[in-house]
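Here's the structure we're looking at; comments come further down.
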Amino acid sequence: MSARTLDRPRLALVLAALGFLALFLLLPLVVVFVEALRQGLGAYAAALVDPDALSAIRLTLLVAAISVPVNLVFGVLAAWAIAKFDFPGKSLLITFLDLPFSVSPVVAGLIYVLVFGAQGWLGPWLEAYDIQIVFAVPGIVLATVFVTFPFVARELIPLMLEQGRDDEEAALSLGASGLQTFLRVTLPNVRWGLLYGVLLCNARAMGEFGAVSVVSGHLRGMTNTMPLHVEILYNEYNFVAAFAVASLLACLALLTLVLKTALEARFHNSNRKA
Amino acid sequence: MEMSSNALALAPPRAIALPRSGRRRARRSVIPGFGLTMGLTLAWLSLIVLIPLSTVFVRSAGMGWTRFAEAAFAPRALAAYQISFATSLGAAAINAVFGLLTAWVLVRYDFAGRRIVNALVDLPFALPTAVAGIALTAIYASNGWIGGLLAPLGITLAYNPVGIMLAMIFVGLPFIVRSLEPVLEDFNAEVEEAARSLGARPVQVFVRVILPEILPALLTGFALAFARGLGEYGSVIFIAGNMPFKSEIAPLLIVTHLEQYDYAGASAIATVMLLAAFALLLVINLIQAWSRRRMER
């Protein structure tokens with residue numbers, strides 16, 4: 001399919017595509033690091049060890065550490081129910097599981113304000129018991145769980161549908177328990193797809209801005225995640241610090257892309273062997 | 001088998017083709033755990049997604065039609081919808097052209113660094129939107145890397161609808177490329193060769209033979225990119241300028257209402273945006289059903 005040497009019109013097409021990608025994808029990435037280092041390494045490092053930056057990093061890690069495992073467990077349960085059994089309304093259920101991807105991040109934040117906010121459904125009750133969900137860490141976690149809700153399930157469902165039920169039925173007929181069957185048979189079969197879903201889920205959990213921005217109180221050092229901290233610094237015209245924190249998130253994105261590419265290669269190999 | 005995610009890594013709705021096995025239900029599965037997993041799935045789905053989402057509609061319904069219409073179709077809201085729709089349509093159209101070019105080049109031609117370029121296409125999925133927003137602003141603002149070169153010519157790319165479109169092009173690009181790649185890979189080269197041997201020029205081959213074949217995938221990618229642009233917030237607000245009636249997108253107007261504790265106003269606009277998103281979801285599903293029927297033919 002591929003010619004070793006490209007003729008003129010083909011070379012022009014390749015150059016046009018690469019030019020477009022360099023302008024729209026590569027340049028933004030380069031800008032982040034150049035702007036972050038504009039005043040040298042000292043200023044860069046100072047921005048990262050600032051107490052508010054450190055607390056934003058801690059909160060981002062905390063939010064991901066809660067929302068990713070939660071969605072991992074849920075994704076496995078949903079995929080098991082959908083792939084291993086027949087029931088009416090299966091396509092509708094899959095559409096519902098994917099729903100958070102069609103919702104604007106801002107709306108994703110809004111719905112939790114409408115449920116848990118002072119004027120929300122549960123507002124008076126929460127106030128009576130002095131529980132704060134919105135404009136506090138629990139709200140940030142909830143909004144993150146919402147926007148990352150489909151990642152694991154949507155990787156596992158097609159994979160488990162494709163693999164069918166024969167392996168599980170064989171294990172069960174040989175006397176394995178349900179849990180043993182899942183741990184020893186199903187899980188090894190889907191491990192790469194599972195990791196892939198977790199990887200993407202984590203990238204989104206750490207990077208989410210819109211939904212978290214709506215439910216966060218924007219309190220420095222308290223309810224600021226890394227993306228929100230970038231915004232605050234940027235709006236204060238503290239560009240070097242904003243880009244310094246942004247560069248950490250850009251590194252996370254690059255790491256995600258590298259791992260994703262590696263997993264894809266792994267995945268293809270394990271399928272070829274099967 | 002292709003990894004599903006290869007096709008549409010972080011993309012919104014993707015139809016999962018279920019095996020047609022309606023008749024097989026007679027056989028009872030020996031696999032345990034249906035009640036447990038299904039029950040937990042439905043409970044969790046309702047608690048996290050369905051019930052919270054319903055609040056938007058309940059709140060809007062509670063306003064009564066007159067007050068709802070006043071908030072949802074206020075002049076400022078109408079201007080915001082118009083800006084949101086126009087910019088995301090424009091960005092999706094530009095992405096359709098350059099996304100097709102990118103997918104074509106990545107699938108058809110071999111060149112140094114092709115695998116790195118292929119991985120880089122997913123950058124907008126992986127890069128947090130706030131980071132994209134400030135980076136694009138640093139490039140296109142009138143004192144920015146590229147904006148600074150064009151400012152003396154009287155061209156401004158940021159703090160106006162052009163800036164909004166630039167951000168939406170960034171976030172939407174992978175949807176088009178990842179939709180098109182699988183169909184371009186599967187494309188039957190013999191048909192193309194036959195057309196060429198019958199004397200068709202390359203442009204004719206493309207328009208008459210290839211384009212009809214990849215049209216469903218192109219439309220799907222276009223609709224996905226359009227939907228993503230419509231809801232996008234993080235990357236846009238930094239570069240948009242955010243002037244009411246000029247460069248204020250609908251998601252930002254929701255946030256503005258919320259900041260003024262006008263929950264009703266925010267819910268009304270959110271209702272309009274949710275209905276638009278659901279309509280697009282339906283369109284995408286219809287395109288995919290159509291494309292599956294075509295493949296079965």
Side-chain angles (χ1 to χ4, degrees), chain A residues 2 6 10 13-14 17 20 24-25 27-28 31-32 35 74 77-78 80-81 84-86 90 94 96 98-102 104-107 110-112 114-115 119 145-146 155 157-158 168-169 172 178 196 200 203 207 209-210 227 230-231 234 242 246 249-250 253 256-257 261 264 267 271, chain B residues 1 3-6 10 12-13 16 18 21 25 29-34 37-38 40-41 44-45 48-49 52-53 55-56 59 98 101-102 105 109-111 117 119-120 122-123 126-132 134-136 138-139 169-170 231 233-234 251 254-255 263 266 270 273-274 277 281:
Chain A
S2 54
L6 298 168
R10 289 192 174 129
L13 283 182
V14 171
F20 173 77
F24 271 87
L25 297 183
L27 191 59
V31 162
V32 171
E35 294 290 332
F74 161 77
L77 289 174
W80 183 268
K84 302 297 174 194
F85 302 95
D86 296 314
K90 195 185 274 195
I94 294 176
F96 278 154
D98 256 353
L99 218 46
F101 279 160
S102 329
S104 171
V106 167
V107 177
L110 167 72
I111 59 179
Y112 289 106
L114 292 181
V115 175
Q119 303 176 38
V145 168
F146 180 93
E155 288 311 321
I157 291 168
E168 282 81 7
E169 284 168 355
L172 288 162
Y196 195 93
L200 301 182
F209 176 78
V230 169
E231 186 201 19
Y234 189 86
L249 291 166
T256 303
L257 289 184
T261 310
E264 272 163 6
F267 197 83
N271 270 317
Chain B
M1 183 185 95
M3 187 163 201
S4 62
S5 39
N6 215 5
L10 309 186
I16 291 170
L18 294 172
S21 58
R25 210 176 304 144
S29 178
V30 296
I31 300 176
F34 180 68
T37 54
M38 189 54 138
L40 287 173
T41 299
W44 188 237
L45 175 70
I48 294 292
V49 180
L53 266 183
T55 56
V56 173
R59 173 79 64 152
F98 285 98
L101 175 68
T102 304
V105 163
Y109 306 143
D110 211 1
F111 52 91
V117 173
L120 193 67
D122 282 329
L123 179 72
L127 193 70
T129 52
V131 178
I134 64 169
L136 291 170
I139 296 172
I169 292 173
F170 178 83
Y233 175 73
I254 296 176
V255 173
Y263 287 17
M273 296 305 283
L274 273 178
L281 185 62

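The chains referred to below are lettered A, B, ... by the order of the sequence lines, with proteins before strands, and numbering in each begins at 1.
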Please step through side chain to side chain contact (heavy atoms under 4.5 Å, CB included) for the pair A:Leu25 and B:Val117, ending with a clear verdict.
-> CA-CA 10 Å; A:Leu25 297 183; B:Val117 173; over 6 Å; no

Apply the test side chain to side chain contact (heavy atoms under 4.5 Å, CB included) to residues B:Trp44 and A:Val145: give CA-CA distance (whole Å), side-chain angles for both, the deciding distance (0.1 Å), then the verdict.
-> CA-CA 11 Å; B:Trp44 188 237; A:Val145 168; 4.0 Å; yes

For the pair B:Ile31 and A:Trp80, evaluate side chain to side chain contact (heavy atoms under 4.5 Å, CB included) and give the outcome as yes or no after the intermediate values.
-> CA-CA 10 Å; B:Ile31 300 176; A:Trp80 183 268; 3.3 Å; yes

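With chain B as partner, the option from A:Gly210, A:Ala250, A:Ala242, A:Gly207 having the largest number of non-hydrogen pairs under 4.5 angstrom is A:Gly207. Chain A forms the most heavy-atom pairs under 4.5 Å with one residue out of B:Ala277, B:Ala266, B:Gly231, and that residue is B:Gly231. Across A:Ala253, A:Pro100, A:Pro227, the residue that shares the most heavy-atom pairs under 4.5 angstrom with chain B is A:Ala253. Heavy-atom pairs under 4.5 Å with chain A were tallied for B:Pro52, B:Ala138, B:Gly234, B:Gly33; the largest tally goes to B:Pro52.
A heavy-atom distance below 4.5 Å is found between the side chains of B:Leu281 and A:Leu99. Contact annotation: the side chain of A:Phe20 approaches that of B:Ile169 to within less than 4.5 Å [non-hydrogen atoms, C-beta and beyond].
Using a 4.5 Å cut-off between heavy atoms, A:Tyr112 contacts chain B through its side chain alone, with no backbone atom that close. Of the two parts of A:Tyr234, only the side chain, counted from C-beta on, holds a non-hydrogen atom closer than 4.5 Å to a non-hydrogen atom of chain B. In this structure, chain A has a heavy atom under 4.5 Å from the side chain of B:Phe111, while its backbone stays farther away. Heavy atoms of B:Val49 lying under 4.5 Å from chain A belong to its backbone as well as its side chain. For B:Ala132, no part lies under 4.5 angstrom from a heavy atom of chain A. Proximity to chain B involves both the backbone and the side chain of A:Leu249, based on heavy atoms less than 4.5 angstrom apart. Contact annotation for B:Leu45: both backbone and side-chain heavy atoms come within less than 4.5 Å of a heavy atom of chain A. Both the backbone and the side chain of A:Val14 come within less than 4.5 Å of a heavy atom in chain B. With a 4.5 angstrom heavy-atom cutoff, A:Gln119 touches chain B via backbone and side-chain atoms both. Only the side chain of B:Leu136 has a heavy atom closer than 4.5 Å to any heavy atom of chain A.
For the atom pair OG1 of A:Thr261 and CG of B:Asp122, the computed distance is 7.5 Å after rounding to the nearest 0.5 Å. In this structure, OG1 on B:Thr37 lies 5.5 Å from CZ on A:Phe85, to the nearest 0.5 angstrom. The CD1 atom of B:Ile134 sits 9.0 Å away from the CD atom of A:Glu35 when rounded to the nearest 0.5 Å. If you take CD1 on A:Ile111 and OG1 on B:Thr55, they are separated by 6.0 Å, rounding to the nearest 0.5 Å.
For A:Glu231, there are no side chain to side chain donor-acceptor pair (under 3.5 Å) partners, not counting sequence neighbours. Scanning for side-chain contact (heavy atoms from CB on, under 4.5 Å) contacts around B:Thr129 gives A:Phe209, B:Arg228, B:Glu232, B:Ser235, with sequence neighbours left out.
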